[in-house]
Each structure stands twice: as C-alpha cells, then as structure tokens.
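These notes concern the structure reproduced below.
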Protein chains: 2
Amino acid sequence: MIIIFLTRPSIKVATTIKDIAHALGCSPSTVSRALHDHPQINEDTKKAIRQMAKKMNFQINQVAAGLRKHKTFCIGVIVPSISNYFFSATLSGIQDAASKRQYQVLVCQTNESVVEEERYARALSAGRVDGILLSVSMDSQKHEHLTDLLSQKIPLVLFDRTMDKLDVFKVEAEDYEGSVRVTEHMIKKGCKKIAYLAGPESLINNSRNRLAGYCDALKNNGMAFDKSLMRVCDFDKEKAREAVKELMSQYSDIDGIYAVNDELAVEAILTLKSLGIAVPGQVCVSGFGNYPIAEIVEPQLTTIGHNPYLIGYKAAERIMGEIHRDVSLGNDPRIELVKSSLIERGSTAR
Amino acid sequence: MIIIFLTRPSIKVATTIKDIAHALGCSPSTVSRALHDHPQINEDTKKAIRQMAKKMNFQINQVAAGLRKHKTFCIGVIVPSISNYFFSATLSGIQDAASKRQYQVLVCQTNESVVEEERYARALSAGRVDGILLSVSMDSQKHEHLTDLLSQKIPLVLFDRTMDKLDVFKVEAEDYEGSVRVTEHMIKKGCKKIAYLAGPESLINNSRNRLAGYCDALKNNGMAFDKSLMRVCDFDKEKAREAVKELMSQYSDIDGIYAVNDELAVEAILTLKSLGIAVPGQVCVSGFGNYPIAEIVEPQLTTIGHNPYLIGYKAAERIMGEIHRDVSLGNDPRIELVKSSLIERGSTAR
DNA sequence: CTGAAAGCGCTTACAG
DNA sequence: CTGAAAGCGCTTACAG
C-alpha cells in the first residue's frame, strides 16, 4: 500500500470574516457590520467580534471589499522617472497625502516613453486604482490614452508636466511666474544679454511656460527676445554643455545664462568655469527647481524653489477629492498653481 | 402624477467578460479561456472573442482575477523615505524589474518611524500584495511586525537596511567591503589619523557594516581604531557639521574624514572649508554612495558607488521569484551583495 | 470544444 | 438586532 501525502495548497493563511463568524457562531454579515461599527449591531456583539478579530489577527481584505464596492482605495501615479529629484519629492508628498486618507499608492515610471505611459494607463484603468495622477513623458505628442481614461470615468489629475488640451484638473508649479521672477532678478543684477537653455518643445506645459516667462520678463524690461540666444537642451546635460560652449564662443558678451532646470544650470556653471569664465563675475547663472546640487555647486546656484512635495501632496488630495466627488475642494479653477519663490545665491551675486 | 428620474449609479463603465460573452452569445467561461489562450478553445472562437474584446476596449480586471487566484500581481515596497536619493534610485530599479514581469508596485514611506512601518506591514498583508520589499526605518528596534508577515506566509525580502535577526533573503550593498576599500584608499594616500562620521547605532545592518569595514581597514594597516575619532551623526547633516568642528578643534592633526554617506561627507567638506582647512591638502574626505552632489562639490568627493538601482532591481527579482517559488534563483545564499566600487576624486587627491 | 456551477472575501438590500 | 442571499468580475474543476 502506498500512502501519498498531499501537501495542502497552503495558500490561504489569512483569517477571513467567515472564520470569525464560525468561531463565534454568528453570520459573516454580522461580523462585517460589527467591524464597520454598524449602528444596528448590538454593542455586546460588536465587542465580542472585535475581540475575536483581534485575537485571530484579522485584517480586512481590502481587495475583496473593493471588488464588491467598486473601489480599490488605491491611487495610481505615473511619472517619467522615479529617481529624478523632482519626481521623487513629488511622490513623497503624494504618499503622505494618500496615507492620511488610508489610500495606497501604486507607482509606475515611463522612462519618458509614451508607449509605456499608454501601457500603464491601460493597466491601471482596469479596476486597479480609483484614480490616476500623471505627469506626462517628454515625448508625449498625443493623449488618446488619457481621453480614454476620462471616457471610462476614471478620475485623472495631471501634475507638473501637464497638457493644455486635456480638460482635467492640473496642479502645477508657478512656472511662468517663477521664470519671470528669476529673469527679472538677473536683469536687476545688470545682465544685458541672457541666454536660455530650454526644455523640450513637446506638448509639455511647464517647459513652455518657463520659456514664456523668460521672454515676457525680457520684453517687460525693454530687452528683445533673441531666438539665437536660446538653445533647446531638452533635459539633457550633454546638450547643455555643448550649448554653453557654442553660445560663449559665438557671443562673447553673454552675461547671463538661465536654464530650465537646476541640473542644466549647474552644468552651465561647471562648463563656464572649465572655459575660464568667471561666475558670476562675467556671467550670472540661474536655474529652476532648487535641487540639492544647487546648494553644493560653487558658486551656489540662484534658482526658483517650487515645492515639489507640496505639488504632489495637493495633486493627491485633489484626486482623492474627485474620487469622493468631494465638492468642498473650492470652486474648481481647473488648475492650481503652487507658489514658487526666488532663492538668491552666489551665482548671481553682484 | 409625479415622475421621478432615477440617475443610474453610473459606477460601472468598464467592459466585463460577461459583456463580451453576451455580445457573442457564448459563456463567460469560454471568454475567459479564450483570452488566456487556453489550448482547448477553438481557434475561430478565440479569434472572435479577441476581436470583440478589442472592439469593446476590454481590459481584464486583475483585481477580480487576483481575488480568485489568491494573487494580486502587486508587490509592496516599504522604505523610510521616497525622496532620499538612494531610495528613489532603488525604487526605480524595483519598478523596472516588476514592470518586466507585469507586476505593479505599491510604495509606502515610513518617514523613519517603526510605527508607520508596522502599520504598512499590516495594511499590505491583508491581500494587498503578493510579497513585500522592505528597508527598515532608523528607529526599528523590534521586528515582530516582520515575523508576523512571515507567519502569514507572505514573502518578504529586505534590502539595503536589513536586520541580522530576521531569517529572510536580503539584498545589500557591499557595505563592509566598500568601507574597507575606501578607508585603505585614504591610508594609501597617506592619512594617519582618519575620523569617522558614523550612522545610527540601531539594528540597522549597513551602518554597522560600514563602521566594521573602517575599523578592520585601520587594523589591517597597523592603525588602532580610536573611538574618540568616531562621532555618531545618524544621517543628520547638522550633527555632522558639529562633529567636524569638534573633532578639528580637539585633534588638529586629523588628516582624513570618512563619512557613512555622501551627504555627511559633503557637509564635512563644506565645514572644513568654512574653517579654512584645505581639502584635500590638510584633510582628505571620503563618503559612501556616490550621490549626485558628490560630483558637484568642490573638490569632488571620493566615494563608494553602490548601485542602488541594481539593488532595487535584484530585490524585486528575488521577491517575484519567491512568489513563484522559483528555485532557479541560485542556491539561496540568504544574502546577496551588490558590487560596490571605489570612485576616486579630488577630495583625496594627493 | 463549451457551459453551468461554485467560489475567492467581502458588502448590503431584503426579510424577519 | 441578525441572517440568508445575491453579487462584485473573474477562474476552473467538473460535466457533457
């Protein structure tokens, strides 16, 4: 005779509502109600059930509850790059805000690819999350995948890198205002010829707004915008380095360089110094974002602090509000700007 | 007569397997099988079902499928701080690895609080995720919440900040080896009296290993470990600044400072410079981690590159392997060290 | 090759 | 105040 030991699947280990009901001789319905503190359940019954739940180390299975309630208590976040300073700070704000409301956060990174962005949007849309927070990737030229989400009635909020065409709520930094502020600061410091290291020319909102701020600040101060002083560097350090070299060899009288973000601005400082050009003596430099490197580079970088943590926090609050159709979020201006401020440092000290 | 218009709940918008079955006059079972390319389903049937699924923009509801299959296709990650450079790089690796296997990533941050760590561990354990990746918080002094996970048979893998006491798989940087390498490098550069800015003294593994590497490297080179040259700074810049000031006023012959991470090392450089002490002329400085600031500070910081992206990637692969009880992951050494390498820069150039 | 049925763990209208 | 039943969207042994 052969005895075969069948190992049990051993998959299920967690206590369920049924187990508690069984242990107490009541029905699962009652357990569920008691755990939700339903007013019609007898206080003693509740007490007993709560005790047993604790004793059995019961944790409600939110996935199952969610299936039933058409909710997941989970928000999805799609960003171009998690390890980028800006987005990681943003995620931190999102997580803290979500946590406060008992929401979980699903994070996806597209590595700047729309194809990935589309894939994630589809993947999350099928009952994975209750709403989506998204910052578009650099090569986003279309948004069908996003209008798809809307037609499926999935709440969507864009943050930082947004798209004008999409009629959804947006949380942005004061890109335009900040850009005006820092450009005017350079002008005040006596810069007469300010070059601009620009971001990508795609649909991305913030790159365009920063450029607009730079242009307008020049015009407001009687300085014409000169396209030849602008170089599109996307967000690429190498391109910034080349651009600075080119600019300085073509226009020796450039006395200011402003870059779309701190990474490029720091690269500009390093490049200028390697060319033997004094910063800020001959050329002032400013950036945008107040990254950790801005404080470390020498001279320290003048920049715009734009509070990524708060941008994330507000975007998360907004999406959770939309999920709950919470109208108490103000009269829906469709776009919320998070304050940015000028941080004056050595790179423009004169 | 009063007519009341009842607005439909309008919650459900997504197509289900039932809708497809209905549209095609077959059963949901068949639709499910066809979409999973079940071998026993007629090719023509499959084709029709796939077409209809596409036409109706069907996306399988993984949450529902998961409930049935006792899987969520989701891994949970608990880190002390998302916005910290190291962890954000790690998360990036985790996300890419997970994405490759169609897994989603749920991210939680504890803000260095064990209480939060416990809360998240509990929240995720109730059917939220198939496995958990965790880096312990600084004040973790106990681990009942983690052994709880194990008793619930939830796969758990620790990374970077691990705990010796816990018998689970761990993915770590070569903290000890890297620390030996960089300390010996300083000795080779002629440093005779090397101070150490230490990490927290809690259960955290990597802080202890880096200290051990420093001590052993000294001993191996005939230099005694002198406790008075060590200062516990946790991971706090302010403490590092004070420690450096104190050390230099007490021991004017210190000619090297090594810090548990780059953030503190950079702070050391800045402090030394503010004291008028030449780096590396009078004092060499080294760090650990190769953060972005290491390249920007002047002089550039000599450090250990420890590849956080890869640490995250490997930890994610491992947890997914455990979820699938994939034995092909090697013979389970219980701990995987990710190579680290010395990056020589100006701060130790002599 | 296909379908009906049971069930994952929960919630909630409906009865009593 | 409590329970039985139906059902969220899926999967899968069991029948045919």
Side-chain angles (χ1 to χ4, degrees), chain A residues 6 9-49 53 56-74 123 125-130 152, chain B residues 6 8-49 53 56-74 125-130 152:
Chain A
L6 290 171
S10 92
I11 287 175
K12 205 179 79 176
V13 216
T15 315
T16 71
I17 232 167
K18 234 174 170 174
D19 299 330
I20 296 176
H22 187 78
L24 252 37
C26 67
S27 79
S29 325
T30 304
V31 175
S32 173
R33 290 198 186 95
L35 294 173
H36 288 285
D37 204 17
H38 187 108
Q40 279 177 35
I41 299 291
N42 184 332
E43 275 309 321
D44 292 341
T45 313
K46 280 186 190 172
K47 208 171 289 175
I49 288 175
M56 298 176 80
N57 196 24
F58 174 77
Q59 275 292 107
I60 202 163
N61 183 330
Q62 294 293 1
V63 170
L67 181 62
R68 179 56 227 263
K69 296 195 282 186
H70 293 282
K71 291 192 131 289
T72 63
F73 302 101
C74 201
S125 70
R128 265 278 185 222
V129 298
D130 295 338
Q152 291 177 256
Chain B
L6 290 171
R8 275 178 310 171
S10 92
I11 287 176
K12 206 179 79 177
V13 214
T15 316
T16 71
I17 234 167
K18 232 175 172 173
D19 299 329
I20 297 176
H22 187 78
L24 251 39
C26 67
S27 80
S29 326
T30 303
V31 175
S32 173
R33 290 196 186 96
L35 294 173
H36 285 95
D37 204 15
H38 187 107
Q40 278 178 37
I41 300 290
N42 184 331
E43 275 308 321
D44 292 340
T45 313
K46 281 187 189 171
K47 207 169 291 173
I49 288 174
M56 299 177 79
N57 195 25
F58 174 76
Q59 274 292 106
I60 202 163
N61 182 330
Q62 295 294 0
V63 171
L67 181 62
R68 179 55 227 264
K69 296 196 282 186
H70 292 282
K71 290 191 131 288
T72 62
F73 302 101
C74 201
S125 70
R128 264 278 185 222
V129 298
D130 295 338
Q152 289 178 257

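Order of the sequence lines fixes the chain letters, A, B, ..., with proteins taken first and strands second; residue numbering starts at 1 for each chain. From a predicted model like this one, the values you see are computed outputs, not experimental measurements.
In the set C:dG9, C:dG3, C:dC1, C:dC1 carries the atom at the smallest distance from any side-chain atom of B:Asn42. With C:dC1, C:dT12, D:dC10 as the candidates, the nucleotide lying closest to the side chain of A:Lys69 is C:dT12.
Whole-Å rounding puts the B:Lys47 NZ to C:dC1 P distance at 14 Å. Atom CD of B:Gln40 is separated from atom P of D:dA15 by 15 Å (rounded to the nearest Å). Remark: C1' of C:dT2 and CD1 of B:Ile17 are 14 Å apart, rounded to the nearest angstrom. Atom NE2 of A:His70 and atom P of D:dG7 are 12 Å apart (whole Å). Counting to the nearest Å, the C1' atom of D:dT2 and the CD atom of A:Glu43 are 15 Å from each other. Taking atom CG of A:Leu67 as the reference point, atom P of D:dC10 lies 9 Å away to the nearest angstrom. Rounded to a whole Å, the NE2 atom of B:His22 is 14 Å from the P atom of C:dA4. Atom CD of B:Gln59 is separated from atom P of D:dG9 by 15 Å (rounded to the nearest Å).
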Between B:Val31 and B:Leu35, does a side-chain contact (heavy atoms from CB on, under 4.5 Å) hold up when you go through it step by step?
-> CA-CA 6 Å; B:Val31 175; B:Leu35 294 173; 3.8 Å; yes

Apply side-chain contact (heavy atoms from CB on, under 4.5 Å) to A:Gln59 and A:Thr15, showing your working.
-> CA-CA 7 Å; A:Gln59 275 292 107; A:Thr15 315; over 6 Å; no

Pair B:Gln62-A:Arg128, side-chain contact (heavy atoms from CB on, under 4.5 Å): steps then yes or no = CA-CA 7 Å; B:Gln62 295 294 0; A:Arg128 265 278 185 222; 4.0 Å; yes

Going through the checks in order, is the side-chain contact (heavy atoms from CB on, under 4.5 Å) test met by A:Asn61 and A:Thr16?
-> CA-CA 8 Å; A:Asn61 183 330; A:Thr16 71; over 6 Å; no

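Across all strands shown, D:dG16 pairs with C:dC1; the Watson-Crick or G-U wobble distances both stay below 3.5 Å.
Looking only at distances, a side-chain donor or acceptor of B:His36 sits under 3.5 Å from a matching main-chain atom of B:Ser32. A side-chain donor-acceptor contact under 3.5 Å links A:Asp130 to the backbone of A:Thr72. B:Lys46 contributes a side-chain N or O that, together with a main-chain N or O of B:His38, makes up a donor-acceptor pair within less than 3.5 Å.
Using a 4.0 Å cut-off, no side-chain N or O of A:Thr16 falls inside it from OP1 or OP2 of C:dG9.
C:dC1 and C:dA5 have their P atoms separated by 24 Å, given to the nearest Å. Across the C1' atoms, D:dT12 and D:dG16 are found 16 Å apart, a figure rounded to whole Å.
Only A:Ser29, A:Ser32, A:Arg33, A:His36, listed by number, bring a heavy atom of residues 28-39 of chain A to less than 4.0 angstrom from any atom of DNA chain C.
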